[in-house]
A.B. asks: 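Let me begin by handing over the structure; questions about it come next.
Bear in mind the structure is a predicted one, so any value in this text is a computation, not a measurement.
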Amino acid sequence: MTLKQATLEQALLAPCMEAVIAVTERYQFLEDHQGARVFTAYREIDHVIKLGFSEDLKGQTLDLVNRGFQLLEAREGTRREHRLLMLTLKEIGYAPHYNNEYFQASKGLLRHLRNLGWPLGELAQLLKSQRTH
């Protein structure tokens, strides 16, 4: 192995270990918190979406319905994943609408959420039938 190869291998070691640790933490969290979900809910009256995290989504669903939201889709997820999504959206210029988890629905936001692997359900169809920007 040349000095250049050894240096490159050493430089890649830290990011690889960070990735292994992050994956391990995710699986441990999901094992300990079997009900933990990331989700998308939509309120048609004002075209607002909630991008949420819950350790007990069943308990939160009634609150969402009472506030006029319909749960579109949910999947296993972590609080860290939710926090990273919120930071990413802020960095690319999407400001929350009411508080940190609520955003004005738009086709641009939908495109970013899809690229980031967020659970969206029928949001694309709902936006096609609505006049959103």
A.B. asks: Give me the other members of the hydrophobic cluster that Phe69 sits in, counting Ile, Leu, Val, Met, Phe, Trp and Tyr linked by side-chain heavy atoms under 4.5 Å, directly or via other members.
C.D. replies: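 Phe39, Val48, Leu57, Leu64, Leu71, Tyr98, Tyr102, all in the cluster of Phe69.
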A.B. asks: Any chain of hydrophobic side-chain contacts (each under 4.5 Å) joining Met86 to Ile92?
C.D. replies: yes
A.B. asks: So does Arg75 pair up with Glu81, basic N to acidic O under 4.0 Å?
C.D. replies: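 Yes.
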A.B. asks: Rounded to the nearest 0.5 Å, what separates atom NE2 in His112 from atom OG1 in Thr88?
C.D. replies: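 With rounding to 0.5 Å, NE2 (His112) is 11.0 Å from OG1 (Thr88).
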A.B. asks: Residues sharing Leu62's hydrophobic cluster, by side-chain heavy-atom contacts under 4.5 Å among ILVMFWY, directly or via others?
C.D. replies: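 Besides Leu62, the cluster holds no residue at all.
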A.B. asks: Is there a side-chain contact between Lys50 and Gln60, using heavy atoms and a 4.5 Å cut-off?
C.D. replies: yes
A.B. asks: Do the side chains of Leu72 and Gln70 get nearer than 4.5 Å, heavy atoms only?
C.D. replies: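 Yes, at least one pair of side-chain atoms sits under 4.5 Å.
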A.B. asks: Once you round to the nearest 0.5 Å, how far does CG of Leu51 lie from CD1 of Ile49?
C.D. replies: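 Output value for this atom pair is 4.5 Å.
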A.B. asks: Can you tell me how far apart CG (Asn99) and NE2 (His97) are? Round to the nearest 0.5 Å.
C.D. replies: 11.0 Å
A.B. asks: I need the Leu109 CG to Leu123 CG distance, nearest 0.5 Å.
C.D. replies: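 It is 8.0 Å, given to the nearest 0.5 Å.
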A.B. asks: Evaluate side-chain contact (heavy atoms from CB on, under 4.5 Å) for Glu55 paired with Arg79, printing each intermediate quantity in order.
C.D. replies: CA-CA 9 Å; Glu55 290 191 30; Arg79 182 174 281 112; 3.2 Å; yes
A.B. asks: Is a donor on one side and an acceptor on the other found under 3.5 Å between the side chain of Ser54 and the backbone of Arg37?
C.D. replies: no
A.B. asks: Do you know which two heavy atoms are closest between Gly121 and Glu73, and how far apart they sit?
C.D. replies: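 For Gly121 and Glu73, the tightest heavy-atom pair comes out as N-OE1, 2.6 Å.
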A.B. asks: When rounded to the nearest 0.5 angstrom, what distance separates NE2 in His82 from CG in Asn100?
C.D. replies: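 Spacing of NE2 (His82) from CG (Asn100) equals 8.5 Å.
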A.B. asks: For the side chain of Arg43 and the backbone of Arg67, is there at least one donor-acceptor N/O pair under 3.5 Å apart?
C.D. replies: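 Present.
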A.B. asks: Do the rings of Tyr42 and His47 sit parallel, tilted or perpendicular, given the 30° and 60° boundaries?
C.D. replies: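 Rings of Tyr42 and His47: tilted, as their planes differ by 30° to 60°.
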A.B. asks: Using a cut-off of 6.0 Å, state whether more than 12 heavy atoms not belonging to Ile45 lie near its atom CD1.
C.D. replies: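 Open.
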A.B. asks: For Leu113 and Leu89, run side-chain contact (heavy atoms from CB on, under 4.5 Å): C-alpha distance rounded to whole Å, both residues' side-chain angles, the deciding distance at 0.1 Å, then the answer.
C.D. replies: CA-CA 9 Å; Leu113 293 171; Leu89 292 178; 4.2 Å; yes
A.B. asks: Would you say Leu84 ends up clustered with Phe53 if hydrophobic residues are merged whenever their side chains have heavy atoms under 4.5 Å apart, either directly or through other cluster members?
C.D. replies: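 No, because Phe53 and Leu84 fall into different hydrophobic clusters, even though each may have its own neighbours under 4.5 Å.
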A.B. asks: What are the two closest heavy atoms between Tyr94 and Ser106, and how far apart are they?
C.D. replies: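 In this case the closest contact between Tyr94 and Ser106 is CE2-OG, 4.2 Å.
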